[in-house]
Amino acid sequence: MADEPRYNPLEIEPRWQAVWAEERTWEVSNELDTSSRSGGVEAAPTSYVLEMLPYPSGEPHIGHLKCYAVGDAIAHFHRRTGHRVLHPMGYDAFGLPAENHAIKTGVHPRDSTAESIASFQRQFRSWGISIDWSREFGTHEPRYYRWTQWIFLELYKAGLAYRREAAVKWCPNDQTVLANEQVVDGHCERCGALVEVRQLEQWFLRITDYAERLLGDLDGIEWPEHVKTMQRNWIGRSEGAEVVFRCEELGVDYPVFTTRPDTLFGATFFVMAPEHPDVIRLAEGTEHEQAVRAYVNQTLTDGGEERGSLEKPKTGVPLGRAVTNPVNGEQIPMFVADYVLMEYGTGAIMAVPGHDERDHGFATAFGLPIRRVIEGDDELPADGDGEELPGDGDDGLPYTGDGPLVNSHPDFDGMQNREALRAIVEWLDREGKGHASINYRLRDWLVSRQRYWGCPIPIVYCEQCGAVPVPEEQLPVVLPEVEDYAPRGRSPLAAAEDWVNTSCPSCDGPARRETDTMDTFVDSSWYYLRYCDAHNDEAAWDPAALRQWMPVNQYIGGVEHAILHLMYARFFTKALADLGHLDFQEPFQALFTQGMVTKDGSKMSKSKGNVVSPASIVARYGADTARSYILFVGPPDQDADWSDEGMEGVHRFLSRLWRMANEVAERGEGLPSGGGAQEDLLLTRKAHWAIDKVSGDLRRFAFNTAIAAVMELLNDCSRMRERADVSTQRFALSTAASLLFPFAPHVCAEVYDRLNDGERVWEQPWPQADQTYLEQAVYELVCQVNGKLRDRVQANADATADELKQLCLGAPNVRAHIDGKQIVKEIVVPGKLVNIVVR
RNA sequence: GCCCGGGUGGCGGAAUGGUAGACGCAGCUGACUUAAAAUCAGCUGCCCCCAGGGGCUUGUGGGUUCGAAUCCCACCCCGGGCACCA
């Protein structure tokens, strides 16, 4: 006996992939369809669907599969709903892992990266992702980073890239500086090493200039709320006032930033950050000088480790000086303490121990006066001067809530503090002692890296001219070859003497090249623009190409990039727009963040031995199964736990689709199987229901329920296979294949081809649900008594409310439950239910 | 501490004011088979039952409503983000 034909994805998938590759099916050109203008036919709207570009290291993992399965489903859906879709691919190819690998093995990062890219390319093709390969590039290619350098110089010329010495975060393991964003809890985000603080001259990008716009423009983009919240928190906008405290002895004004100018009358001391440049000078000549020096040295060498901890007891040293509180003329003592940060505000604070927990902690530790200037809810009576000795127990301080002012000034006492805040700022402004001010937590972006495998910074240093930008026509500054990739506290590029020594573009005198490379986040901050015009050698892009595609209609990626990449890309877009290179303000109109794929409830990792490799799954079950399963397992924005059994269920479903389609394709046309019109109607109706359901679900990224709907359709097909007409079955199965195509393109192409004489499903418009099949003449009316389901009866769709009520009252089990009781109320919801309320 | 998510059968999940548990997994029964696998048909939240039904059930406790997984209040637990940011 011959074997039953079996669903064989390993044969089907490469065959369709070859068709798409040969015909370049997913390529789109930038040529505008001019014929449509004269012909009066509307040009197809464009759609730019983009998944975050992968960092090529080793092989793609299951998270990549999920990301690109989501993106591909959207790309296909957009194409078949009448859009010209740009769906490109590239590689974020510079970066530390390749370089660390090179240090260990001596293999050039370019070679290991190329190998990894080849593996990504192979797998993306084997997954059947519909990519426009004609626009592919890696950010490490000179033809790309030439323009990264060009952008850097544009920013430099505009004053948005600058060099300054600063206390920067240094990773002793990776031997490089880090951006603020790359330091997590005082540790290197990448390797986990404890971060040190170093004083170094570095390149920064002036992202802080854009804080207000980066914050405000979040309101206009369709991003998940939690991502917007994370960006808002990161930008950290605070409204308050800058208030000047004068040190009379030295004749120096010290402005401070405070969000609580209403508590100015409660300021009883003044604190400076250990990094504040004036700290030593202030203490000089006082009895505290030695102690201050020791304290400053101590905190600076200790680094940022424990500094962020709230539990840590407050430490500090008096400076032996005083400043004048501008609102009441009081002389208050100055301290240096590490709980004040140089990076925020002015590096100095007024301390209000009565109404700030940190100041309270410090005052308690140092026996400083604590004064209540805002009455709390507990209605503690204010005594004469409001002064309270520290540590005298349950005084309700620090009190951080609202209330009327006390112990302040006759003009303000009794005023609600929010109101007093405004009045005091106005008064300060009039007196020239302060003004309203806004502060941000966001810091400028430190982009220098003392590493090899990155984009060279296109600057040379000339003894005569200083820092000089490399002229545009000399770009790219090509990354030189070196022998030793290991960082030695300076960039490995410094060893390439021939490369480093150059001549000044300005005076032609001897000059040295900048040897630091750029943070890889610079490379990925503009790649989405380059896809629009990937082969342009004259410019980074042609504005006309950008106008056609940008902004990205749907961006897809992991939530781990919520702050870094997404903030930097938004900053680049705004800066480039200001420089006249772009005419839009936001790069990603809509964002979707996919959840993680776990195994046995935890993150996949080699050390845990729970890694599921996409390659092995695809080799065994096919890409259609792998892709469909990962979208079926749950909502794609949530984490999903991989289960081999669950995946096999999806494989069975695709097998069933394939098998039933073959049976129907081989059966003769027009031979009614004897079930009659009723079955045909039911099946046709189910198909239209599925069209409606899947279309809606795709719009809201509910891929799991979309796939479930196609499963239902197939189950009905299966149940009715002996009774429904062959043409009806063909329609139902074609519809199933058509709807499932965005998730399982190969098997659906195959099935659709067999059922429809070689027609190509991807060339078919998205199916339209026929409303007449969605509306039913008769439906099941739910009958409730006191909100509990008691019966179901058949009702006509056009029945009046009264008729429905009578139907319900006539239902046997309803009668049993209302028998002998008084009907209080009847609720009729046509199309749904009737609820009889009895007493 | 503050700000977001989330908590539903044995499991993944569905339902965003109207029949809780779609779909899938696992399990059970049957068909086909010498047998197994594959496939197909059916059952499957818990408890009671006179087999018609009845009661209970969406983390906990209240509330709004004819009606609540869904809205409101309080609390518990899990995950994520921020956190000496003045």
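With C1' as the reference atom, B/rG42 and B/rC32 are 15 Å apart, rounded to whole Å. Of the P atoms belonging to B/rC25 and B/rG13, the separation is 16 Å, rounded to the nearest Å. Separation of the C1' atoms belonging to B/rU57 and B/rG7 is 15 Å when rounded to the nearest angstrom. A gap of 14 Å separates the C1' atoms of B/rA68 and B/rU8, to the nearest Å. A gap of 15 Å separates the C1' atoms of B/rG17 and B/rU58, to the nearest Å. Separating the C1' atom of B/rC40 from that of B/rU33 is a span of 13 Å, rounded to the nearest Å. Using C1' as the reference atom, B/rG62 and B/rC28 are 42 Å apart when rounded to the nearest Å. Distance check on atom P: B/rC4 versus B/rA14 gives 23 Å, rounded to whole Å.
For A/Lys788 and B/rC56, the shortest distance from a side-chain N or O to OP1 or OP2 is below 4.0 Å. At B/rC11, none of the side-chain N or O atoms of A/Ser643 fall inside 4.0 Å of OP1 or OP2 (strictly under the cut-off). Contact annotation: A/Arg652 side-chain N/O to B/rC25 OP1/OP2 distance is under 4.0 Å. Residue A/Arg790 places at least one side-chain N or O under 4.0 Å from the OP1 or OP2 atom of B/rG55. OP1 and OP2 of B/rC40 both lie 4.0 Å or more from every side-chain N or O belonging to A/Arg719.
Among the atoms of the strands shown, only primed sugar atoms or phosphate atoms (P, OP1, OP2) are found under 4.0 Å from some heavy atom of A/Ser718. At the heavy-atom level, A/His817 lies under 4.0 Å from the strands shown only through sugar-phosphate atoms. When heavy atoms are screened at a 4.0 angstrom cut-off, A/Arg839 is found touching no nucleic acid atom at all. Across all strands shown, A/Asn704 has heavy atoms under 4.0 Å from sugar-phosphate atoms exclusively, and none from any base. Backbone-only contact: A/Pro635 has heavy atoms under 4.0 Å from sugar-phosphate atoms and none from a base. When heavy atoms are screened at a 4.0 angstrom cut-off, A/Val837 is found touching the sugar-phosphate backbone but no base atom. When heavy atoms are screened at a 4.0 angstrom cut-off, A/Arg700 is found touching the sugar-phosphate backbone but no base atom. A/Arg232 comes within 4.0 angstrom of no nucleic acid atom, judged by non-hydrogen atoms across all strands. Within the 4.0 angstrom heavy-atom criterion, no nucleotide atom of any strand lies near A/Asp641. Residue A/Gly345 is out of contact with every strand shown, counting any heavy-atom pair closer than 4.0 Å.
A/Phe703 and A/Phe701 have perpendicular rings, their planes meeting at more than 60° on a 0 to 90° scale where under 30° would count as parallel. Under the 30°/60° scheme for interplanar angles, the aromatic rings of A/Phe257 and A/Tyr344 are found to stand perpendicular.
Pairing for B/rG5 is with B/rC78, a Watson-Crick or G-U wobble pair whose two hydrogen-bonding atom distances lie under 3.5 Å. Applying the Watson-Crick and G-U wobble criteria (two distances, each under 3.5 Å), B/rU29 pairs with B/rA41. When both distances must be under 3.5 Å, the Watson-Crick or G-U wobble mate of B/rA69 does not exist. With both pairing distances under 3.5 Å, B/rG24 is matched to B/rC11 as a Watson-Crick or G-U wobble pair. Across all strands shown, B/rU34 forms no Watson-Crick or G-U wobble pair with both distances under 3.5 Å.
A/Lys314 forms a cation-pi arrangement with A/Tyr339, by the criterion of a distance under 6.0 Å to the ring centre and an angle within 45° of the ring axis. In this structure, A/Arg570 is not positioned above the aromatic face of A/Trp234 in the sense of NZ or CZ being under 6.0 Å from the six-membered ring centre and within 45° of the axis.
A straight line from CZ of A/Arg441 to P of B/rC2 spans 18 Å, rounded to a whole angstrom. For the pair A/Lys314 NZ and B/rC84 P, the computed distance is 10 Å after rounding to whole Å. Rounded to whole Å, atom P of B/rC23 lies 13 Å from atom CG of A/Leu714. Taking atom CD on A/Glu343 and atom C1' on B/rC84, their separation rounds to 12 Å, with Å as the unit. Straight-line distance from the CG atom of A/Asp356 to the P atom of B/rA83: 17 Å, rounded to whole Å. Following rounding to the nearest Å, A/Asp791 (CG) and B/rG52 (P) show an atom-to-atom distance of 14 Å. What separates CG of A/Asp639 from P of B/rG79 is a distance of 12 Å, to the nearest Å. Protein atom CG of A/Asp637 is 14 Å distant from nucleotide atom C1' of B/rC4, rounded to whole Å.
Closest to the A/Leu833 side chain, of the nucleotides B/rA15, B/rG18, B/rC40, is B/rG18. Listed candidates were B/rA83, B/rC84, B/rG13. Nearest to the side chain of A/Asp338 is B/rC84. The side chain of A/Asn813 has B/rG53 as its nearest neighbour among B/rA22, B/rG53, B/rG24. The side chain of A/Ala708 has B/rA22 as its nearest neighbour among B/rG18, B/rA22, B/rG24. Minimum atom distance to the side chain of A/Leu789 is reached by B/rU19, of the listed B/rC4, B/rA86, B/rU19. When the nucleotides B/rU39, B/rC82, B/rC23 are ranked by their closest atom to the side chain of A/Trp234, B/rC82 comes out on top. When the nucleotides B/rC25, B/rA83, B/rU19 are ranked by their closest atom to the side chain of A/Gln784, B/rU19 comes out on top. Distance from the side chain of A/Thr705 is smallest to B/rA14 among B/rC82, B/rG81, B/rA14. Comparing atom distances between the A/Ile563 side chain and each of B/rG81, B/rC23, B/rA86 picks out B/rG81 as nearest. Set against B/rG24, B/rA26, B/rC84, the side chain of A/Asn715 has B/rG24 as its closest nucleotide.
A/Ile836 and A/Cys808 make their closest contact through CG1-SG, 3.9 Å (heavy atoms, listed as atom of the first residue, atom of the second, distance).
Annotation: side chain of A/Ile374 is in contact with side chain of A/Asp262 (closest heavy-atom distance under 4.5 Å). In this structure the side chain of A/Val243 never reaches within 4.5 angstrom of the side chain of A/Lys433, judged on heavy atoms.
A donor and an acceptor atom never sit less than 3.5 Å apart when one is taken from the side chain of A/Asn233 and the other from the base of B/rC82.
Taking syn as a glycosidic angle within 90° of 0, B/rG61 does not qualify and is anti. More than 90° away from 0 lies the glycosidic angle of B/rG59, which makes this nucleotide anti.
The residue among A/Phe632 and A/Lys832 whose nearest nucleotide of RNA chain B lies closer to the 5′ end is A/Lys832. Comparing A/Met350 and A/Glu648 by the nucleotide of RNA chain B whose heavy atom lies nearest to each, the residue mapping closer to the 5' end is A/Glu648.
Of the possible donor and acceptor atoms, none in the side chain of A/Thr299 sits under 3.5 Å from a partner among the backbone N and O of A/Asp338. Judged purely by atom type and a 3.5 angstrom limit, A/Asp819 has no side-chain atom pairing as donor or acceptor with the backbone of A/Arg815.
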Apply side-chain contact (heavy atoms from CB on, under 4.5 Å) to A/Tyr399 and A/His355, showing your working.
CA-CA 5 Å; A/Tyr399 172 69; A/His355 302 282; 4.0 Å; yes

